[in-house]
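Index from 1, following the sequence.
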Amino acid sequence: MNNSPYRCPIYGNPTSCNCASCAIERRLRASREAVKAAEIANLSRPPAPRPKNLDDFFVSPKESPREKIERQRRERFAESDKTWAYVQANEGRYAVIFIPRIRSLVLWYVKTSSTF
């Protein structure tokens, strides 16, 4: 990176010049100053307290592949039971929607098919 001071290629004073290269230089300078200020702010804060025993902090249940498969199977059965209960509870609503449609499809098939 070039550390030499920026010089305007057109007028000479980059703080008051309106050319594109001076505008870019002003933005770069402001970005560099913002990064320096953020680094100073991050380094001046005290570190967050750490737990004494990290093993107690990050407790994750260890399960064998067999236990995982059994757990997933139970979850799938529970979801299936829940879905079936929903279907049974809404059976009347489904009948109102689908029976006329099925009836019209059967009648259409009878009209168009010569083998039925």
Side-chain angles (χ1 to χ4, degrees):
M1 198 160 126
N2 189 1
N3 290 332
S4 62
Y6 175 76
R7 290 177 43 197
C8 178
I10 299 172
Y11 295 111
N13 186 3
T15 56
S16 63
C17 180
N18 290 330
C19 71
S21 63
C22 289
I24 291 172
E25 178 61 28
R26 285 192 297 270
R27 286 183 184 172
L28 285 173
R29 188 175 295 153
S31 296
R32 286 186 199 116
E33 291 171 0
V35 167
K36 285 181 185 177
E39 287 175 348
I40 291 170
N42 285 337
L43 293 175
S44 64
R45 272 190 280 174
R50 295 277 184 186
K52 293 181 181 178
N53 189 357
L54 289 178
D55 292 336
D56 294 339
F57 186 70
F58 297 109
V59 175
S60 62
K62 302 287 183 187
E63 59 183 358
S64 68
R66 177 175 289 184
E67 291 170 343
K68 180 180 177 183
I69 291 170
E70 289 174 359
R71 177 183 52 80
Q72 289 174 342
R73 184 172 180 243
R74 285 191 306 269
E75 290 172 358
R76 281 195 304 271
F77 280 143
E79 187 66 29
S80 176
D81 291 341
K82 181 180 171 184
T83 305
W84 181 247
Y86 176 81
V87 168
Q88 292 296 320
N90 291 298
E91 189 173 10
R93 184 171 61 118
Y94 292 146
V96 169
I97 295 170
F98 293 120
I99 289 178
R101 177 69 177 148
I102 292 171
R103 187 177 300 135
S104 66
L105 287 173
V106 169
L107 291 174
W108 172 81
Y109 183 74
V110 169
K111 288 179 188 176
T112 60
S113 175
S114 61
T115 60
F116 187 67

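- Atom CG of N42 has more than 12 heavy atoms from other residues, nucleotides or ligands within 6.0 Å.
- Atoms SG and CZ, on C17 and R26 in that order, are 7.0 Å from each other to the nearest 0.5 Å.
- One finds the CZ atom of R73 at 10.5 Å from the CD1 atom of I69 (value rounded to the nearest 0.5 Å).
- Residue pairs that meet the side-chain hydrogen bond (donor to acceptor under 3.5 Å, both in side chains) test with at least one member in residues 74-85, sequence neighbours left out, are R71-E75.
- Heavy-atom minimum distance, E63 versus E67: CA-OE1, 3.2 Å.
- Atoms OG and CD, from S64 and E70 in turn, are 7.5 Å apart once rounded to the nearest 0.5 Å.
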